[in-house]
Amino acid sequence: MLDPTRRPVGPYSSGVPAAALEVRMPDLERFGLAQLWRSAIIAVVLSTSIMLALIVWPFRKRARTWADAASDGMVDGFIALGPTFVKLGQLVASSSGLFPAPVANACLRCLDDVPSFPAEQARRVVQEDLGYSVDELFEKFDDAPLAAASVAQVHACVLHDGREAVIKIQRPDIYARMLIDLRAAYWGANILEKFVEFLRIANATAIIRDLHNATMTELNSAVEADRQTTFRNNISAFGDNKGVTTPEVYWDYCGPRVICMERMRGVPLDRFVAGPDGIDEARMLIRRGVKVWLESVIVHGPFHGDVHAGNLWVLDDGRIAMLDFGIVGVLPETWRSILSDMFRATLIDGDFARVARGIRSLGYATDYEVDDAQLGMQVATALAPILGRDLGELKLSELIMALIQLGKQWGVASPEELVLFGKQLGYFERYATALAPGWVIGQDLYLFKNVFPEAVAEKAQELGITMPDE
């Protein structure tokens with residue numbers, strides 16, 4: 001057993017070197033014998049799974065139509081093929097407006113039906129990364145994982161100083177396996193786009209490219225831990241937000257494939273049952289979470305890019321916690337300013353011309369023959385009705401289409417930096433519907449008190465509104 005008074009000598013105990021935070025992006029288009037063999041396996045598994053699902057369709061109550069049955073079979077194949085395809089299924093499930101309903105609904109299983117890997121393999125990864133056995137590192141280590149996901153699984157543990165923790169451990173050899181799969185999937189998508197109209201319209205190769213970029217980043221545990229630490233520090237940047245938190249990272253117990261952090265106890269937001277205060281209590285919880293998230297997007301830059309309910313918990317002590325920083329978005333400063341101006345116009349002064357000037361500063365719409373006021377009116381017309389109404393009615397597909405329509409009017413593609421932002425708004429719409437009916441994000445001064453404090457204070461005084469202290 002390690003001396004509890006001595007810090008473990010993990011690779012990041014003395015600080016994280018810059019090289020550890022660099023994300024390798026290997027060539028996605030490379031194709032060799034390994035990818036060819038894997039492509040054959042993928043084709044056999046998927047075709048067999050779909051055929052079997054269609055054969056037994058008349059006897060299964062779960063599948064109502066042949067499309068449901070085929071989609072279920074496809075997901076059976078995804079799960080059999082392993083982490084890369086489970087992650088692809090998760091991507092489809094979280095972008096339901098972009099895919100046929102049977103496919104998107106079937107892929108919801110990929111959010112839950114992820115098998116764990118054996119404890120002895122988890123223990124081996126920890127020892128290889130940190131240089132000590134699990135029994136030396138921890139007072140207690142639970143071999144049964146708390147949760148398993150496509151890339152990693154989480155085990156409960158107790159440090160020798162008594163702190164309760166969890167350790168997130170990557171699946172063994174996951175990097176090489178996922179890279180082969182991604183290359184094979186990219187090659188297959190290139191071919192299928194030539195023959196399947198839906199895949200061409202959906203831009204299947206672009207989906208695989210995005211998945212490749214996100215996966216290679218997620219597989220660098222040092223990057224994820226650094227993002228989580230940065231986000232945690234930013235929460236308290238204004239001296240408030242005491243009702244929101246993120247687990248503290250224990251860097252002495254982190255390595256290239258493992259992240260150890262503070263253990264938090266609570267329930268996912270979608271399982272939260274309000275107390276005697278009912279809707280008011282639930283509404284305050286979600287408002288606090290969205291406030292911190294918007295500050296991260298607009299003020300700080302790095303923001304949580306996967307705020308589904310499994311990553312947004314209501315803790316036993318009443319705080320709301322954001323978990324799992326495998327996906328983080330970062331908006332450039334200019335785009336943060338544009339978003340701030342857009343919310344300010346929606347909430348306070350209606351000056352969308354200011355938004356138009358920011359758009360022109362990026363080089364968009366410079367050849368579009370209207371002045372800033374006219375361009376601002378187009379922005380207002382396209383976005384304000386969406387952002388300014390009950391968030392429970394917000395549809396992610398409507399927001400994306402509004403952005404695409406603006407791009408068409410300006411003669412450019414819609415801004416990619418806003419896509420991840422829009423996806424998270426799609427998650428928040430679900431929470432608003434269940435927890436905060438009638439809550440309007442574009443009319444809530446509290447959410448923006450740290451984004452443009454003077455303007456919010458003046459507006460609140462004008463309306464006779466008292467801001468919460470937190």
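- A salt bridge links Asp72 with Arg109: the closest approach of a Lys/Arg side-chain nitrogen to an acidic carboxylate oxygen falls below 4.0 angstrom.
- Remark: the backbone N or O of Ala165 is not paired with any side-chain donor or acceptor of Arg263 at under 3.5 angstrom.
- In this structure, Arg24 satisfies the cation-pi test against Tyr175, with its NZ or CZ atom closer than 6.0 Å to the six-membered ring centre and inside 45 degrees of the ring normal.
- A ring-centre distance under 6.0 Å is not found for His212 and Tyr186.
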Working for side chain to side chain contact (heavy atoms under 4.5 Å, CB included), residues Leu137 and Tyr253: CA-CA 8 Å; Leu137 286 166; Tyr253 299 84; 4.2 Å; yes
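- Shown here for Leu130 and Pro11, the closest heavy-atom pair between the two residues is CD2-CD, 3.9 Å.
- Atoms SG and CD1, on Cys110 and Ile79 in that order, are 5.5 Å from each other to the nearest 0.5 Å.
- For the pair Leu285 and Arg319, the minimum side-chain heavy-atom distance is 4.5 Å or more.
- Using modelled atom types, one finds no donor on one side chain facing an acceptor on the other under 3.5 Å when comparing Asp324 with Gln228.
- In this structure, Ile167 and Val154 have side chains that are not in contact, with every pair of non-hydrogen atoms separated by 4.5 Å or more.
- Side chains of Phe448 and Arg344 form no contact here, defined as non-hydrogen atoms less than 4.5 Å apart.
- Residues Ile208 and Ala185 come closest through the heavy atom pair CD1-CB, 4.0 Å.
- One distance of note links CG of Asp444 with CZ of Arg287; it measures 4.0 Å at 0.5 Å rounding.
- Of the possible polar contacts, none joining the Glu218 side chain to the Gly326 backbone as a donor-acceptor pair under 3.5 Å is found.
- With rounding to the nearest 0.5 angstrom, the CG atom of Leu21 is 7.0 Å from the CG atom of Asn220.
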Take Gln35 and Asp181 through the side chain to side chain donor-acceptor pair (under 3.5 Å) test and state the conclusion after the steps. CA-CA 7 Å; Gln35 286 75 31; Asp181 277 354; over 6 Å; no
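- Formation of a donor-acceptor pair under 3.5 Å by the Thr48 side chain with backbone atoms of Val45 is not found in this model.
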Passes side chain to side chain contact (heavy atoms under 4.5 Å, CB included), Met178 versus Lys87? Steps please. CA-CA 10 Å; Met178 293 192 81; Lys87 202 157 192 66; 4.1 Å; yes
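- Relative orientation of the Trp293 and Phe303 rings is perpendicular, given thresholds of 30° and 60° on the angle between their planes.
- Panel note: side chain Asn190, backbone Thr205; no donor-acceptor pair is recorded below 3.5 Å.
- The two residues Leu179 and Pro26 come nearest to each other via the heavy atoms CD1-CG, 3.7 Å.
- For the pair Asp142 (side chain) and Ala156 (backbone), a donor-acceptor distance under 3.5 Å is absent.
- Atoms OG and CD, on Ser221 and Gln170 in that order, are 4.0 Å from each other to the nearest 0.5 Å.
- For the pairing with Lys168, the side-chain hydrogen bond (donor to acceptor under 3.5 Å, both in side chains) check across His155, Gln153, Glu224 returns one residue only, Glu224.
- Between Tyr12 and Pro256 there is a side-chain heavy-atom pair separated by less than 4.5 Å.
- A donor-acceptor contact shorter than 3.5 Å is absent between the side chain of Arg257 and the backbone of Leu219.
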Evaluation steps, side chain to side chain contact (heavy atoms under 4.5 Å, CB included), between Phe78 and Leu46: CA-CA 7 Å; Phe78 281 0; Leu46 287 179; 3.9 Å; yes
Please determine whether side chain to side chain contact (heavy atoms under 4.5 Å, CB included) holds for the pair Asp143 and Arg123, giving the CA-CA distance in whole Å, both sets of side-chain angles, and the decisive distance to 0.1 Å. CA-CA 9 Å; Asp143 281 333; Arg123 286 171 170 263; 2.9 Å; yes
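- At distances below 3.5 Å, not a single donor-acceptor pair connects side-chain atoms of Ser116 with backbone N or O atoms of Ala148.
- Separating the CG atom in Leu182 from the CE atom in Met216 is a distance of 5.5 Å, to the nearest 0.5 Å.
- Side-chain contact between Val328 and His304 is absent, with no heavy-atom pair separated by less than 4.5 Å.
- Side-chain atoms of Asn233 come within 3.5 Å of backbone atoms of Thr229 as a donor-acceptor pair (strictly under, hydrogens ignored).
- Enclosure of atom CG in Asp27 by more than 12 non-hydrogen atoms of other residues, nucleotides or ligands within 6.0 angstrom is indicated.
- Minimum interatomic distance between Leu447 and Lys291 (heavy atoms only, all atoms of both residues): O-CG, 3.7 Å.
- Side-chain atoms of Asp76 and Ser49 include no donor-acceptor pair closer than 3.5 Å.
- You'll find the side chain of Asp226 reaches within 4.5 Å of the side chain of Trp251, heavy atoms only.
- Inter-residue side-chain proximity for Met261 and Val166 is flagged as met; some heavy-atom pair is nearer than 4.5 Å.
- In terms of modelled atom types and a separation under 3.5 Å, the side chain of Asn241 and the main chain of Ile235 share a donor-acceptor contact.
- Counting heavy atoms from C-beta on, the side chains of Val299 and Asn450 never come closer than 4.5 Å.
- Side-chain atoms of Ser71 and Asp68 include no donor-acceptor pair closer than 3.5 Å.
- A distance of 8.0 Å separates CG in Asn213 from CG in Leu28, rounded to the nearest 0.5 Å.
- Side-chain N or O atoms of Glu262 include one that pairs as donor or acceptor with a backbone N or O of Glu248 at under 3.5 Å.
- The nearest pair of heavy atoms linking Val16 to Ala20 is CG1-CB, 3.9 Å.
- When all heavy atoms of Ala70 and Ile50 are compared, the pair lying nearest together is O-CG1, 3.8 Å.
- Look at Glu29 and Arg209 and you find no salt bridge, because none of the NZ, NE, NH1 or NH2 atoms lies under 4.0 Å from a carboxylate O.
- When the shell of 6.0 Å around CD of Glu120 is examined, it contains more than 12 heavy atoms from other residues, nucleotides or ligands.
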